[in-house]
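Structure, as structure tokens:
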Amino acid sequence: MRPAPRRSYGRAELEHNGNGRLFSGVPERFRAWASHGDLVHALPDGFHRTAGTRQARIAAFESPERRLYGLQFHPEVVHTEHGAAILRNFAFEVCGARGGWSPRSHAERTIAAIRAQVGDGQVVCGASGGVDSTVTAMLVHRAIGERLHCIFVDNGVLRKDEAESVRSSFEEALGIPLQVVDARERFLTRLKGVRSPERKRKIIGREFIRVFEEASRELPDVRFLAQGTLYPDVIESVSVKGPSAVIKSHHNVGGLPKRMRLKLIEPLRELFKDEVRVLGRQLGAPDGLVGRHPFPGPGLAVRMLGTVEKDGLDVLREADAILEEEIRSAGCYDRIWQAFVVLLPLRTVGVMGDARTYERVAVIRAVESRDGMTADWAALPHELLVRVSNRITGEVRGVNRVVLDITSKPPGTIEWE
């Protein structure tokens with residue numbers, strides 16, 4: 001292995017030679033998703049090459065006798081064609097596994113495990129209104145009923161009308177009571193002057209826990225905190241198995257304080273977002289909740305680059321609301337993974353009417369994905385982009401320029417911070 005002369009990110013055309021067990025039944029050429037800056041120069045004794053790309057002649061190899069297989073692309077992501085077939089070949093043909101997982105059986109096992117862990121205790125659940133925390137709340141509620149106390153923290157970096165929308169969704173659609181804690185001033189004070197995205201995430205993560213702990217003191221026998229941590233959160237925040245880089249500290253993993261009074265319940269910790277949505281439908285969650293676009297725990301704090309300040313947050317909320325409204329109106333909301341606006345910490349010259357302006361830049365970010373681990377930018381209709389740009393510059397005071405982000409993941413991430 002040595003550094004590649006040309007790094008490979010995103011789409012790659014892969015061709016296999018028909019001699020690999022993993023490629024049984026897979027077309028000879030197909031699109032794969034790459035993310036690497038290294039090149040396999042030569043194979044050890046006993047291994048043979050099974051596939052390659054233009055950038056990497058050895059993109060797959062194996063030694064069936066030693067039951068060792070290597071790939072230098074990502075079969076697990078939706079952007080790799082026939083990736084599921086490759087993984088099935090490995091799981092069933094090579095490892096002899098059986099496919100016994102189902103949403104129903106997983107839900108039953110998880111509910112039983114929560115009930116056993118909690119015993120007669122009480123649980124507080126950090127509810128954001130997103131699919132992860134919603135499914136977590138539904139699982140815990142099925143396990144312990146009224147001994148679950150869901151808390152929604154209004155941290156001052158939420159989208160427009162978010163608190164009221166989440167409250168009505170929980171209480172009306174799910175029948176689960178929700179306590180709303182107004183902590184806007186508290187969070188914004190902690191974030192004042194902070195520019196580093198890692199510091200933002202850690203501050204918000206620690207403050208969330210403190211709010212939950214304070215709220216739990218008013219409840220009898222609360223010893224547990226339930227939160228909707230997913231496997232991608234863990235992968236990007238900590239080294240899970242073997243040496244790997246920390247991409248960013250998710251507020252509910254790398255942002256947690258070292259000492260906590262409450263013990264964590266994370267029933268989704270080994271699942272991806274698409275699996276959580278399937279589980280949510282199994283539990284009876286409404287499509288409007290299950291299909292909701294992801295929203296980061298640190299909220300608009302990581303979509304407002306640079307320091308977080310109230311006026312800028314108000315600008316960002318209005319621009320983001322326009323984008324969501326237009327995407328829904330165009331019928332595009334359910335076919336894309338996520339769409340949002342980023343506010344840049346710079347200003348550009350513009351002309352509006354007969355006046356010179358010097359105002360902010362808003363970025364449209366829309367991606368297609370299945371699990372959030374990889375993503376490609378979504379080609380929104382030209383007419384839709386024109387409407388969004390015209391509305392943001394015409395209706396949102398403080399923005400005079402709108403640009404479009406067309407970067408995939410990798411090499412970028414979905415969020416900007």
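Everything numeric here is computed off the predicted structure, so don't read it as measured data.
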Between R387 and I322, does a side-chain contact (heavy atoms from CB on, under 4.5 Å) hold up when you go through it step by step?
CA-CA 10 Å; R387 286 197 304 273; I322 288 172; over 6 Å; no

Side chain to side chain donor-acceptor pair (under 3.5 Å) evaluation trace for E309 with T307:
CA-CA 6 Å; E309 37 89 10; T307 57; 6.0 Å; no

Step by step, work out the side-chain contact (heavy atoms from CB on, under 4.5 Å) result for N89 and R21.
CA-CA 7 Å; N89 286 338; R21 293 186 68 185; over 6 Å; no

Using the rule given for side-chain contact (heavy atoms from CB on, under 4.5 Å), can you reason through V349 versus R356, listing the C-alpha separation, both sets of side-chain angles and the distance that settles it, and then say yes or no?
CA-CA 7 Å; V349 174; R356 175 188 183 275; 3.5 Å; yes

Please evaluate residues L22 and T50 with respect to the criterion side-chain contact (heavy atoms from CB on, under 4.5 Å), reporting the C-alpha separation (whole Å), side-chain torsions for both, the decisive distance (0.1 Å), and the verdict.
CA-CA 9 Å; L22 300 188; T50 56; over 6 Å; no

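Side-chain atoms of R186 and V211, non-hydrogen and from C-beta on, do get closer than 4.5 Å to each other. Between P298 and I203 the shortest side-chain heavy-atom distance does not fall below 4.5 Å. At least one side-chain heavy atom of F73 sits less than 4.5 Å from a side-chain heavy atom of I86. Annotation: side chain of L174 is in contact with side chain of L289 (closest heavy-atom distance under 4.5 Å). Side-chain contact between R57 and R49: present, with at least one pair of heavy atoms (C-beta onward) separated by less than 4.5 Å. Side-chain contact between D274 and V278: absent, with no pair of heavy atoms (C-beta onward) separated by less than 4.5 Å. A heavy-atom distance below 4.5 Å is found between the side chains of L316 and V341. A heavy-atom distance below 4.5 Å is found between the side chains of I204 and L191.
Here the straight-line distance linking atom CG of L385 with atom CD of E383 works out to 9.0 Å at 0.5 Å rounding. Between F224 atom CZ and L264 atom CG the span is 10.5 Å, to the nearest 0.5 Å. Note that the CE atom of M304 and the CG atom of D311 stand 8.5 Å from one another [nearest 0.5 Å]. Rounding to the nearest 0.5 angstrom, the gap separating the CZ atom in R401 from the CG atom in L344 is 11.0 Å. The line from CG of L268 to NZ of K273 is 9.5 Å long, rounded to the nearest 0.5 Å. Rounding to the nearest 0.5 Å places CZ of R360 at 11.0 Å from CG of N400.
Ion pair R210/E213 flagged as a salt bridge, since at least one NZ, NE, NH1 or NH2 atom sits closer than 4.0 Å to an Asp/Glu carboxylate oxygen. Under the 4.0 Å criterion applied to side-chain N and carboxylate O atoms, K200 and E415 are not assigned as salt-bridge partners. Using a cutoff of 4.0 Å between basic side-chain nitrogens and carboxylate oxygens, R397 and E359 are not scored as salt-bridged. With salt bridges taken as basic N to acidic carboxylate O contacts below 4.0 Å, none links K160 and D320.
Judged by distance alone, the side chain of R31 and the main-chain N or O of H79 form a donor-acceptor pair under 3.5 Å. Put simply, the side chain of E275 gets close to the backbone of F272: a donor and an acceptor are under 3.5 Å apart. Under the 3.5 Å distance criterion, the side-chain polar atoms of T110 are matched with a main-chain donor or acceptor of H106. Here the side chain of R277 pairs a donor or acceptor atom with the backbone of R292 at under 3.5 angstrom. Of the possible polar contacts, none joining the R281 side chain to the D287 backbone as a donor-acceptor pair under 3.5 Å is found. Judged purely by atom type and a 3.5 angstrom limit, R201 uses its side chain to pair as donor or acceptor with the backbone of E417. S369 places no side-chain N or O within 3.5 Å of a backbone atom of W337 that could act as its donor or acceptor partner. Between the side chain of D38 and the main chain of V40, no donor-acceptor pair closer than 3.5 Å is present. Looking at S133, its side chain does come within 3.5 Å of a backbone N or O of S128 through a donor-acceptor pair. Using modelled atom types, one side-chain atom of T80 and one backbone atom of H74 make a donor-acceptor pair closer than 3.5 Å.
Across G297 and N155, no two heavy atoms sit closer than the pair O-ND2, 4.0 Å. Closest of all the heavy-atom pairs between A301 and V157 is N-CB, 3.8 Å. For the residue pair L87 and E76, the shortest heavy atom distance occurs at CD1-CA, 3.8 Å. Across all their heavy atoms, A378 and E368 have their closest contact at CB-CG, 3.7 Å. Pairing each heavy atom of G46 with each of S63, the nearest pair is O-OG, 3.1 Å. Closest of all the heavy-atom pairs between R303 and P294 is NH2-O, 3.9 Å.
Note on ring orientation: taking the six-membered ring where Trp is involved, the planes of F23 and H16 are parallel (angle under 30°, cut-offs 30° and 60°).
Geometric assessment of R347 against the ring of Y358 yields a negative cation-pi assignment under the 6.0 Å and 45° thresholds. Within the cation-pi definition used here (under 6.0 Å to the ring centroid, within 45° of the axis), R159 qualifies as a partner of F295.
H293 meets the side chain to side chain donor-acceptor pair (under 3.5 Å) test with no other residue; sequence neighbours excluded. The salt bridge (charged side-chain N to carboxylate O under 4.0 Å, His left out) check on R391 picks up E325, E326, E395, with sequence neighbours excluded.
Within 6.0 Å of the CZ atom in F90, the count of heavy atoms belonging to other residues, nucleotides or ligands does not exceed 12. Counting non-hydrogen atoms of other residues, nucleotides and ligands closer than 6.0 Å to CZ of R109 gives a total above 12. When the shell of 6.0 Å around CD of E13 is examined, it contains more than 12 heavy atoms from other residues, nucleotides or ligands. A 6.0 Å sphere centred on CZ of R335 holds more than 12 heavy atoms belonging to other residues, nucleotides or ligands.
Checking E198 against S196 by side-chain atom types alone, no donor-acceptor pair falls below 3.5 Å.
Checking T134, V140, T136 one by one against M138, the side-chain contact (heavy atoms from CB on, under 4.5 Å) holds for a single residue, T134.
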